[in-house]
There are 2 protein chains.
Amino acid sequence: MRPTVHDIAAAAGVSLATVDRVLNQRPGVRHVTREKVETAIRDLGYVRDVAAANLAKSRVYPLIFILPASDNSFMHGLNAEIRAAIARSTAERTDIRIVEVPAFDPQALVRELEALAAEKPSGIALVATDAPDVRAAVDRLVKDGIPVVTLVSDLTGSLRHHYAGVDNIAAGRTAARLLGRFLGGAKGEIAILAGSMLVRDHRERLEGFAAVMAHEFPALHLLSVLEGRDDPEVAHMLIADALGKNDGIIGIYSLGAGNRGLVRALKEKAVDRTLTVIAHELTAHTRAALLDGTIDAILNQDAGHEVRSAIRVLKAKADGLAVIDAQERIRLDIFLKDNLP
Amino acid sequence: MRPTVHDIAAAAGVSLATVDRVLNQRPGVRHVTREKVETAIRDLGYVRDVAAANLAKSRVYPLIFILPASDNSFMHGLNAEIRAAIARSTAERTDIRIVEVPAFDPQALVRELEALAAEKPSGIALVATDAPDVRAAVDRLVKDGIPVVTLVSDLTGSLRHHYAGVDNIAAGRTAARLLGRFLGGAKGEIAILAGSMLVRDHRERLEGFAAVMAHEFPALHLLSVLEGRDDPEVAHMLIADALGKNDGIIGIYSLGAGNRGLVRALKEKAVDRTLTVIAHELTAHTRAALLDGTIDAILNQDAGHEVRSAIRVLKAKADGLAVIDAQERIRLDIFLKDNLP
DNA sequence: CACTTTTTGATTTACGTACATCAAATTTGG
DNA sequence: CCAAATTTGATGTACGTAAATCAAAAAGTG
């Protein structure tokens, strides 16, 4: 049987009340007594029964998810997964709220973070915009003792407790190798469609992609990045234009959203030529395109896993508990038409 | 606030004791009264607080994992993951035991299943050997009310509650497409190294692989399957021999274990030729081979996820609760040298 | 109707922890 | 050494459920 508070009290030769004072860092315990209790805790290997503690406290974990107000499939999916988590709230003792902030607006994000800090939630998950002010705001939250997890896009150099998202440099590198190998030594040009170079995850994907391309596939020449602002219409225009103007294009890497426009452009302009296309994020559109051969591979991050992982980590941090690292690593999914879920 | 048993008692106009009798299907409740209570439960949307219930019951979940006594990296890894779960036992209220049975021996497995049924555990996870007797034994367990999950290798057609493993047909198909695309239209022969065609997962991988190869890559010719019995020595011998005898081999698909032998053979015999190699299961050996270019891609199933998923599902089934399907889907990991964890 | 059997209610204890209160003991300051 | 302040103990209640006991009420039987 695992030891209880009673066992500690007995072992330390103190009363239950004193053990409670030590465990919950309440005042009114002499230093020597506190040490006696702590020794007993260590000797017996006591670990607080979180379920019982939460029951006694009628504890709920108020969590906040801060998302950019972007109108693309991926963000919609993320939103849906958070709402699914909200539906599980009672069973998981969470109280989750979604807060939307204007996209690509560090100041708005900072203001929101400041405002939320006052609520003293059990934890905050945010899709980070990469800016010094945001980093500083996050660091303040952490120093105030509020667990913070970055979601989808990280904030390196900040004190955030955890990042629930994929390694985007690795994603870019993987895309490059897949594209390079699929093209099997052919010579030609590669078009790159991004959302915006202002977003860290897109920058990182490009960085990884370009590095592997340069190093391992010198026969492939990268055209300058097309910024589609994750908008299907803009993406369509850019890709249609590029394909019309440049016959040398044999591959496309789409590292952002707005792939509906990409697919449409491909169907219009590329019926007569063989293009190898790698895109990010599995949506209804990219899935269909993968199945009909318009896209050759899709790299994906599972929004559901990211949300569930963020919640688990925030709860654990709020309780000062450890997490299972391997369980919280968000993997880069590679989908070919054969292994779609 | 979520409703409690007290609320139900009040709503149904009965006492707490009666509610308890209904909730825990104890006898001594008239049909009409039971219905009144069940109506109240539905109307109020009551869900039992599992944490509180487990606390009151001092419940632990006795779980049993049945594994084949095979001496390969994958099984060692699986074992290690179960032991890691055992280390978390107190926190998760589980009491997990590992039982080893001789590999490829349906009768031994059946005998073990019969013996374990008597213990009435909260759940059983097993690496299934695909045989009618095993299927029947599993069905008996399920009919006795014991939750059963197949692990790594499924038992289709049985009543098992869940399968914690990858879709092996999809894995084979994916391997075929990767190999075919990586070979970029070249003409040649493909060697296939399996463990044993008596194991369902290996059969399924081959089936998927052969289907896509025949349909989409007719320029590639499959040599007859080499059965390495998941043994590095045998694998080494078979591959070295095949490479020595056949100059036309341009690709290899290793769908089982024993890849240490494969890698050694490649380093000895294939320094002067370009081979594209796809293998299963990420181990220290395959990882090194992927990084140094001996292997081009590794397909993997995460043993840690499989074990944790099996435990979650067994606990949920024991409590009659639903699981989050997406969370329990074991994904096929595709590793290139760029996205290794 | 009396009687047995079944059903229901009322109440208590328990699980492991949190938290509050009040009294008693101990330490500290003057 | 006394008073004040601090530290500790003892005790009770609560969280939501399980499980047991015993009494009371209702239903069924002849």
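Per chain, numbering begins at 1; letters A, B, ... match sequence-line order.
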Remember a base hit wins even if backbone is also touched, and classify [X] as base, sugar-phosphate or nothing at under 4.0 Å, heavy atoms.
X      : value
D49(B) : sugar-phosphate
N24(B) : sugar-phosphate
A53(A) : sugar-phosphate
R48(B) : sugar-phosphate

* Polar contact flag, side-chain donor to acceptor under 3.5 angstrom, D333(A)-Q301(A) ->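 Result is no, nothing qualifies.
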Quick test of your reading of the model: are [X] and [Y] salt-bridged, counting only N-O distances below 4.0 Å?
X       : Y       : value
R160(B) : D154(B) : yes
D49(B)  : R93(A)  : yes
R135(A) : D130(A) : yes

* Side-chain heavy atoms of R329(B) within contact of V166(B), under 4.5 Å ->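 Result no, sub-4.5 Å side-chain heavy-atom pair not found.
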Protein-nucleotide distance ([X], atom [atom1]; [N], atom [atom2]), rounded to Å:
X      : N       : atom1 : atom2 : value
H6(A)  : dA18(C) : NE2   : C1'   : 12 Å
L23(A) : dG16(C) : CG    : P     : 15 Å
Q25(A) : dT17(C) : CD    : C1'   : 15 Å
N54(A) : dA18(C) : CG    : P     : 9 Å
I8(A)  : dG16(C) : CD1   : C1'   : 11 Å

* **Audit row: R97(A), E119(A), salt bridge (charged side-chain N to carboxylate O under 4.0 Å, His left out) steps and yes/no** => CA-CA 12 Å; R97(A) 193 150 52 92; E119(A) 295 185 21; 2.7 Å; yes
* Asked: Considering heavy-atom distances to DNA chain C, does A52(A) or D20(A) have its closest nucleotide positioned more toward the 5' end?
  ->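 Nearer the 5' end of the strand: A52(A).
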* Asked: When the nearest nucleotide of DNA chain D is assigned to R34(A) and to L55(B) on a heavy-atom basis, which residue is associated with the more 5' position?
  ->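 Looking at the nearest nucleotide for each, R34(A) comes out on the 5' side.
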* If you pin V29(A) and V50(B) to their nearest nucleotides in DNA chain D, which one's is more 5'? ->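 So the residue in question is V29(A).
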* Asked: Residues in side-chain hydrogen bond (donor to acceptor under 3.5 Å, both in side chains) with E328(B), at least two apart?
  ->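 Result, side-chain hydrogen bond (donor to acceptor under 3.5 Å, both in side chains) vs E328(B): S309(B), R312(B).
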* To do: Answer yes or no: side-chain N or O of R21(B) and base N or O of dG9(C) forming a donor-acceptor pair under 3.5 Å.
  =>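 Answer yes: a donor N or O sits under 3.5 Å from an acceptor.
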* **Contact interval (first through last nucleotide) of DNA chain D with protein chain A, 4.0 Å heavy-atom** =>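 First-to-last contact on DNA chain D, by the 4.0 Å heavy-atom rule, is dT7(D) to dG16(D).
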* Could you go through the side-chain contact (heavy atoms from CB on, under 4.5 Å) check for L141(A) and I124(A) one step at a time? => CA-CA 9 Å; L141(A) 286 172; I124(A) 295 182; 3.9 Å; yes
* **Working for salt bridge (charged side-chain N to carboxylate O under 4.0 Å, His left out), residues D319(B) and R48(B)** => CA-CA 10 Å; D319(B) 291 333; R48(B) 171 196 257 116; over 6 Å; no
Where do N or O atoms of nucleotides 27-30 of chain C meet protein N or O atoms at under 3.5 Å, pair by pair?
none

